[in-house]
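Here's the structure, in structure tokens; my notes come after.
No hydrogens, no waters, no symmetry mates; every other heavy atom, side chains included, goes into these values. Not measured: the values here are computed from a predicted model.
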2 protein chains.
Amino acid sequence: MATFTSKDVARLAGVSQSTVSYVMSGKRPISEETRRRVLDAIDRLTYEPNAGARALASQRTKVVGLVVPFGVGVDTTGLLPFIETIAGAARARDHDVLLVTADEGSAGIRRLAGRSLCDAIILMDLQTVDDRLAVAANVRTPVILIGVPADPHGMHCVDLDFAEAARLAVGELAATGHDRLALIGHPADIVLRDLNYVRRFADAARSAAAGHGLPLEIIAPVEWGREAAGDAAARLAAIDARRLGVVVPASNTVQPLLHALNARGLVPGRDLSVIGLLTDAAAAEGEPPVTNVSLEPRDVSRRAMQTLFRLLEDRTAPPLIDLITPQLTRRQTVLPGP
Amino acid sequence: MATFTSKDVARLAGVSQSTVSYVMSGKRPISEETRRRVLDAIDRLTYEPNAGARALASQRTKVVGLVVPFGVGVDTTGLLPFIETIAGAARARDHDVLLVTADEGSAGIRRLAGRSLCDAIILMDLQTVDDRLAVAANVRTPVILIGVPADPHGMHCVDLDFAEAARLAVGELAATGHDRLALIGHPADIVLRDLNYVRRFADAARSAAAGHGLPLEIIAPVEWGREAAGDAAARLAAIDARRLGVVVPASNTVQPLLHALNARGLVPGRDLSVIGLLTDAAAAEGEPPVTNVSLEPRDVSRRAMQTLFRLLEDRTAPPLIDLITPQLTRRQTVLPGP
DNA sequence: TTGTACGCGTTATCAA
DNA sequence: TTGATAACGCGTACAA
């Protein structure tokens, strides 16, 4: 399979090389006749423009850099929908996605921007205060954040509205007559890394509980897996409440905790309530199906890409902070109201 | 943040631009003195070579194209370790990873190769007979397959040895005195797509069972989720066996099936045996921990990247078909031998 | 409506 | 040991 250049196409079509270029870009009126001839030649040679040459000449790579939280010992569950949606949105506008792992830290961002490997960068998994932000903000390549750090350094942020998620969960438990709430914390490493959404959720949960006049106990940190869930269940069992409402913001903890509670004879939806923060898909597949506030990875990703292309091509001004509203879905783990 | 070129570096270091290039590539002896001056200038300008220009001149992109099974309505569980490991291995040799989703079909491969977007392609999630193979085999860019299709078209294949995995599972059940085996099938869409490993596993399981003189019943297809697992459990319960051994090659089905069996009062490890094909991590976290034959996504990915770089840079001949041997780990879901 | 010619930032060849 | 200089393949300003 030989590889052809626009010159080859030009020769075959009997036009100049620049005409080929203009046919492809549509940046100049072309007669129907030559247009046809060029497209035909392109077709016959299965010509594809060389990405490097194009990037060099046009200063556009048609590549989106995506910094994903690999290798930082972090929750990687639920990451796939983000990647998938971002890749899809990129393709829809003839862009590709270059993956960079977060364990590179700011070096990855410098490389993406410095080498002109991409036209824009999406940065995920932000800490509340993140070293990479200073670098990201000082780079020519536009950077979109998925997450809302304490100081966005002027960059565009897109994320789920975790504060609203907390309010929804607490509000539902308040409305169904619970007299005490417990908030299950994230694993220690997540808390230590101070991921931005942890704090956003917890703070809002606290003040929402206060607003409803409900005592809120924090059970934290809770690691993943059976044993930790067992311990947490024990601590929940020890709480003296008529109707206890438990909020679980760490998706991974939901299922093990439900099991652990069951094992203690505490049936969620009968003896106490559990609301989890997890995708609708995961919640519906739960055992039992769990009442949840949705993480909307697809919506968030789509919006991030929308912001990206508005910045890059449409040149309209997207909102600086763009929060997606989560949805509460009632399933089987919350006691019916009295 | 301005962006500098090698020309800027050259001027600052007081050398010619080609010298800068040679300092970076090390393809020519450079005096210690100028070498120092150049590196210093690079440092002061935080110079990074332009990827497009480099690719254009060197015919090397330092990018690996990865075709992942997004958007084909396919099992995407267990995909992350592949991506993660591949990205890590790429970075270790100063390469990046460009993601292409499988829903593009062969168009994605054509684009990667035609536009010279990458130096090599890794193709995952192969069907036994896969349309993309003809295209992949006819492209200048080397393609490495993760999976073993019926006809690899001369391309290099790396994968888990699914036949050996089946033999291990069946062998273990035979050794522990089971008198009847059941093989739980994959969901219908997987079977319909005829993914290469499905058949490799099933065929080997069948002949291993025959070799041990054990009757093997095929329960298929079994969709994911509660209900399907319940049905499968019912069919298993109906089997007339003294000691029934169940083999579950679809990772996702293991956990729901264990639950469904328990719900019927059939306790795996007490009343019957279950061996799953899933990663050690997933098996250990199972409820209960499940005896498994390991899928080794990390090993497979590492080997694929090793193959890739041997082809690309080391220029040594890797094996055409490279199979990783799975491991059997005894946990709690298999009856002890009599 | 189309062609010519230059520049994008590297790598690599040929001289010195 | 180093410096000019010609590709690499495409986009686009300038001419016609």
Side-chain angles (χ1 to χ4, degrees), chain A residues 2-39 41-42 45-63 94 111 113-119 140 313, chain B residues 2-39 41-42 45-63 94 111 113-119 140 313:
Chain A
T3 168
F4 295 103
T5 72
S6 58
K7 222 178 195 166
D8 300 316
V9 175
R11 188 169 8 182
L12 185 58
V15 298
S16 80
Q17 180 260 332
S18 67
T19 298
V20 175
S21 180
Y22 282 119
V23 166
M24 299 205 69
S25 71
K27 290 193 177 175
R28 174 197 254 194
I30 301 277
S31 78
E32 204 35 62
E33 162 63 7
T34 58
R35 167 190 202 65
R36 222 189 25 67
R37 287 228 308 284
V38 169
L39 288 178
I42 286 178
L45 299 182
T46 62
Y47 163 74
E48 301 247 18
N50 179 291
R54 173 178 273 189
L56 190 55
S58 67
Q59 310 282 44
R60 282 213 161 297
T61 60
K62 297 215 169 206
V63 168
D94 194 23
R111 191 158 43 83
R115 295 193 184 177
S116 295
L117 278 163
C118 60
D119 299 332
R140 292 178 78 77
E313 310 196 315
Chain B
T3 168
F4 296 103
T5 71
S6 57
K7 219 180 198 165
D8 299 315
V9 174
R11 188 167 11 176
L12 184 59
V15 300
S16 83
Q17 189 244 29
S18 64
T19 299
V20 175
S21 179
Y22 282 117
V23 166
M24 299 206 67
S25 71
K27 290 195 178 174
R28 172 196 255 192
I30 301 278
S31 79
E32 203 37 61
E33 162 63 6
T34 57
R35 166 188 202 67
R36 221 188 26 66
R37 286 226 311 283
V38 169
L39 287 178
I42 286 178
L45 299 182
T46 62
Y47 163 76
E48 301 245 18
N50 178 292
R54 174 176 273 190
L56 189 56
S58 68
Q59 309 282 46
R60 283 212 160 296
T61 59
K62 297 212 168 209
V63 167
D94 194 23
R111 192 157 43 83
R115 297 194 185 177
S116 295
L117 278 163
C118 61
D119 299 333
R140 292 179 77 78
E313 310 198 316

Check this for me: does any side-chain nitrogen of one of B/Glu33 and B/Arg37 sit under 4.0 Å from a carboxylate oxygen of the other? yes
Measure from CZ on B/Arg60 to C1' on C/dT11 and round the result to the nearest Å. 13 Å
For B/Thr34 and B/Ser58, find the nucleotide of DNA chain D closest to each by heavy atoms; which residue's nucleotide sits nearer the 5' end? B/Thr34
Figure out the CD/P separation between A/Gln17 and C/dC8, and round it to whole Å. 17 Å
For the pair made of CG in B/Asp8 and P in C/dT10, what is the distance, rounded to whole Å? 9 Å
side-chain contact (heavy atoms from CB on, under 4.5 Å) partners of A/Ala57, counting only residues at least two apart: none
Separation of atom NZ in A/Lys7 from atom C1' in C/dC6, rounded to whole Å: 14 Å
Which whole-number value in Å describes the distance from B/Lys27 NZ to C/dT11 C1'? 8 Å
Classify A/Val20 by what it touches in the nucleic acid, base, sugar-phosphate, or nothing, heavy-atom distance under 4.0 Å. nothing
When we call it a touch if two heavy atoms are under 4.0 Å apart, what does A/Thr19 touch: a base, just sugar-phosphate, or nothing? sugar-phosphate
How close or far is atom C1' of C/dC6 from atom CD of A/Gln59, stated in whole angstroms? 15 Å
Distance-minimising heavy-atom pair for A/Ala53 and A/Asn50: N-OD1, 2.8 Å
Of the non-hydrogen atoms in A/Lys7 and A/Gln17, which two are nearest, and what is the gap between them? N-CG, 4.2 Å
For B/Glu48, which contact category applies under a 4.0 Å heavy-atom criterion: base, sugar-phosphate, or nothing? sugar-phosphate
Using only heavy-atom distances, determine whether the side chains of A/Thr19 and A/Ser16 contain a donor-acceptor pair under 3.5 Å. yes
Looking at every strand, decide which applies to B/Ser18 at a 4.0 Å heavy-atom threshold: base, sugar-phosphate, or nothing. base
Can you name the closest pair of heavy atoms from A/Thr61 and A/Ser116 and give their distance? CG2-O, 3.3 Å
What is the distance, to the nearest angstrom, from the NZ atom on B/Lys62 to the P atom on C/dG9? 20 Å
Indicate the atoms forming the closest heavy-atom contact of B/Phe4 with B/Leu45, along with that distance. CD1-O, 3.3 Å
Start and end of chain B contact along DNA chain D [non-hydrogen atoms, under 4.0 Å]: D/dT1 to D/dG9
Show your working on side-chain contact (heavy atoms from CB on, under 4.5 Å) between A/Val15 and A/Val20 and close with a plain yes or no. CA-CA 8 Å; A/Val15 298; A/Val20 175; 4.1 Å; yes
Choosing from C/dT2, C/dT10, C/dT4, which nucleotide comes nearest the side chain of A/Ser16? C/dT4
Taking it one step at a time, do A/Tyr47 and A/Asp8 satisfy side-chain contact (heavy atoms from CB on, under 4.5 Å)? CA-CA 9 Å; A/Tyr47 163 74; A/Asp8 300 316; over 6 Å; no
Quick one: closest heavy-atom pair of A/Arg140 and B/Thr3, and the distance? CD-CG2, 3.5 Å
Can you list, in residue-number order, the parts of residues 50-57 of chain A that come under 4.0 Å of DNA chain D, counting heavy atoms only? A/Asn50, A/Ala53, A/Arg54, A/Ala57
Give A/Phe4 one of three labels, base, sugar-phosphate or nothing, depending on what nucleic acid heavy atoms sit under 4.0 Å from its own. nothing
Quick check on C/dT11: is either OP1 or OP2 less than 4.0 Å from any side-chain nitrogen or oxygen of B/Ser21? yes
